[in-house]
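Below, chains carry the letters A, B, ... as their sequence lines are ordered, and counting in each starts from 1.
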Amino acid sequence: MPEGHTIHRLAADHLAVFGGRPVRASSPQGRFDAGARALDGRVLDGVDAHGKHLFLGFDTPGADWVHIHLGLYGKFGFGEGTAPAPVGAVRLRLAHDDAYADLRGPTACELITQEGKDALHARLGCDPLRDSDDGEKAWGRIRLSRTSVAALLMDQKVVAGVGNVYRAEVLFRNGIDPTRAGRDLDREEWEAIWADLVGLMKEGVRNNRIDTVRPEHTPEAMGRPPRVDDHGGEVYVYRRAGAACLVCGTEVRREELAARNLFWCPACQKN
DNA sequence: GAACAATGACCAA
DNA sequence: TGGTCCTTGTTCC
C-alpha cells in the first residue's frame with residue numbers, strides 16, 4: 001500500500017480524525033514508549049506529507065513533529081469507538097473516545113524538531129502531490145542522467161512518492177521502455193509523465209488505492225472476464241507478469257532491477 | 001509451523 | 001551488489 005498517495009491520504013485522515021483535541025498516545029509494543037509519553041494528552045495541530053514521509057504535528061515543546069515512514073510493510077489501521085486490546089506489534093496507538101489508529105511495522109517512527117523536518121524536505125525531490133511542486137527540478141536531474149528512467153522514478157531525491165506500482169504504470173501509460181536512459185527522454189515525454197503522475201496520484205489519494213487502467217481498457221470494455229486482483233486496484237502491468245497486455249495481448253514481462261520487480265510490456269513500451 | 005513475499009530504504013564494501 | 005531492518009498474510013508442507 002504505501003506509495004505517496006497512501007501517505008498524503010493518511011495525513012488528511014489523521015487531521016480529520018484526531019485534529020484539534022487531545023489524544024491519548026501509547027506504544028503497546030514498547031518500542032516508541034518515550035515518544036508516546038511525550039505525545040500523550042497533546043493536541044494534533046498540523047499534518048504534512050512529502051513523498052513517502054508522514055509528519056504529524058503536535059504542540060509538544062522541543063519535539064514538534066512525529067516523523068513516520070512506513071517502509072515496505074508498515075501500516076495504519078483506523079477504528080471507531082473505544083480502542084480494543086492491541087493485536088500484534090503496535091508501535092504507536094493514537095486514540096480518543098471516538099476513534100483510534102494503530103501503527104505497525106514502520107521503518108521510522110520518531111520525534112523530530114522543525115529543523116529535522118526541514119532537513120528531510122531538503123533531501124526529497126518533487127512530489128506530484130504537493131501543490132507547490134512542479135517537475136522542473138526532477139527534469140534537471142533526469143535530462144542529464146545516464147541512469148534508466150525506471151531507476152530515476154524510484155529515486156526519492158528525484159521524484160518523491162513514486163513507488164514500484166506507479167513507476168511501472170506511468171511508464172506503461174506513456175509508452176516508455178523502462179531501460180531508457182533519463183537523458184534520452186524528450187522534455188515533452190517528461191512533462192507528460194509528470195502530468196500523468198499528478199493525475200493518477202491525486203486519484204489515488206481520493207480512492208485510497210491505485211487505479212491506472214483507462215476506461216477503454218477495463219476488462220469490461222474489452223470483453224474479457226474481470227480480473228481477480230490482489231493488491232486492491234486496477235492496473236496494466238504491475239504484478240501481471242506472464243499475463244496478456246490489456247492493450248496488445250503481448251506477454252507482460254518481469255525482471256529484477258536493483259532488487260525490485262519491474263513490470264512492462266515489451267510491445268507497447270518503446271525505447 | 002516454516003518459508004516466503006511485499007507498494008522501502010539504509011549501510012557497508 | 002548484498003545484507004539488514006520492520007510485520008503480516010498467504011502458501012506450502
Side-chain angles (χ1 to χ4, degrees), chain A residues 1-11 27-33 35-36 49-55 66-79 86-93 101-110 112 116 119-125 127-129 147-148 150-173 178 197 200-213 228-242 252 254-264:
Chain A
M1 297 250 218
E3 294 196 22
H5 69 300
T6 304
I7 310 309
H8 284 258
R9 173 63 180 251
L10 283 169
S27 179
Q29 171 206 48
R31 291 187 50 179
F32 190 55
D33 262 339
H50 189 165
K52 298 164 189 168
H53 298 256
L54 171 65
F55 303 94
V66 186
H67 167 231
I68 293 163
H69 193 294
L70 294 179
L72 194 51
Y73 36 70
K75 249 192 187 67
F76 270 103
F78 281 83
V87 175
V90 177
R91 183 80 57 90
L92 172 63
R93 167 173 280 183
D102 285 346
L103 168 64
R104 292 182 180 82
T107 290
C109 175
E110 56 178 355
I112 59 171
L120 281 164
H121 288 300
R123 62 177 177 78
L124 289 171
D127 180 344
L129 289 172
T147 305
S148 67
L152 287 164
L153 279 174
M154 293 278 279
D155 183 342
Q156 302 298 301
K157 296 188 293 299
V158 179
V159 185
V162 171
N164 212 8
V165 184
Y166 281 122
R167 157 176 82 172
E169 295 299 307
V170 81
L171 288 175
F172 177 87
R173 284 169 53 102
L197 283 173
L200 287 174
M201 293 177 74
K202 282 191 172 168
E203 194 193 340
V205 175
R206 271 197 305 280
N207 301 339
N208 215 2
R209 51 180 252 177
I210 299 178
D211 296 287
T212 61
V213 176
V228 181
D229 115 65
D230 53 354
H231 83 279
E234 210 52 60
V235 294
Y236 282 107
V237 290
Y238 176 71
R239 272 206 240 169
R240 295 194 65 247
V252 172
R254 181 194 73 87
E255 218 167 88
E256 224 164 80
L257 176 83
R260 306 302 301 280
N261 286 320
L262 174 64
F263 301 89
W264 80 104

Test item: [X] and [Y] side chains (from C-beta on) under 4.5 Å apart, heavy atoms:
| X | Y | answer |
| --- | --- | --- |
| A/Thr212 | A/Arg173 | yes |
| A/Leu103 | A/Cys109 | yes |
| A/Ile210 | A/His5 | yes |

Which nucleotide in the list [options] gets nearest to the side chain of [X]?
| X | options | value |
| --- | --- | --- |
| A/Ile210 | B/dT7, B/dA9, C/dT8 | B/dT7 |
| A/Arg123 | B/dT7, C/dT7, B/dC10 | B/dC10 |
| A/Lys52 | C/dT7, B/dA9, B/dT7 | B/dA9 |
| A/Ala89 | C/dT8, B/dA9, B/dA6 | C/dT8 |
| A/Glu3 | B/dA9, B/dT7, C/dT8 | B/dT7 |

NZ/NE/NH1/NH2 to OD/OE distance under 4.0 Å, A/Arg209 and A/Asp211: yes
Expressed in angstrom and rounded to an integer, what is the separation of [X] atom [atom1] from [N] atom [atom2]?
| X | N | atom1 | atom2 | result |
| --- | --- | --- | --- | --- |
| A/Asn261 | B/dC4 | CG | C1' | 13 Å |
| A/Met154 | B/dC10 | CE | P | 12 Å |
| A/Leu92 | C/dT7 | CG | C1' | 16 Å |
| A/His69 | B/dA6 | NE2 | P | 19 Å |
| A/Arg104 | B/dT7 | CZ | P | 21 Å |
| A/Glu110 | C/dC5 | CD | P | 18 Å |
| A/Leu257 | B/dT7 | CG | P | 13 Å |
| A/Leu171 | B/dT7 | CG | C1' | 15 Å |

With sugar-phosphate meaning primed atoms plus P, OP1 and OP2, does A/Arg167 contact a base, only sugar-phosphate, or nothing at under 4.0 Å between heavy atoms? nothing
Identify whether any heavy atom of A/Glu169 sits under 4.0 Å from a base atom; if not, whether one sits that close to sugar-phosphate; answer base, sugar-phosphate or nothing. nothing
Do A/Asp127 and A/His8 have side-chain atoms, one donor and one acceptor, less than 3.5 Å apart? yes
Which whole number of Å gives the distance between the [atom1] atom of [N] and that of [M]?
| N | M | atom1 | value |
| --- | --- | --- | --- |
| C/dG9 | B/dA9 | C1' | 22 Å |
| B/dA13 | C/dC5 | P | 15 Å |
| B/dT7 | C/dT1 | C1' | 23 Å |

Presence of [X] side-chain N/O under 4.0 Å of [N] phosphate oxygens OP1/OP2:
| X | N | result |
| --- | --- | --- |
| A/Tyr238 | B/dT7 | yes |
| A/Lys75 | C/dT7 | no |
| A/Arg91 | C/dT7 | yes |

Is the A/His67 ring parallel, tilted or perpendicular to the A/Phe55 ring (thresholds 30°, 60°)? parallel
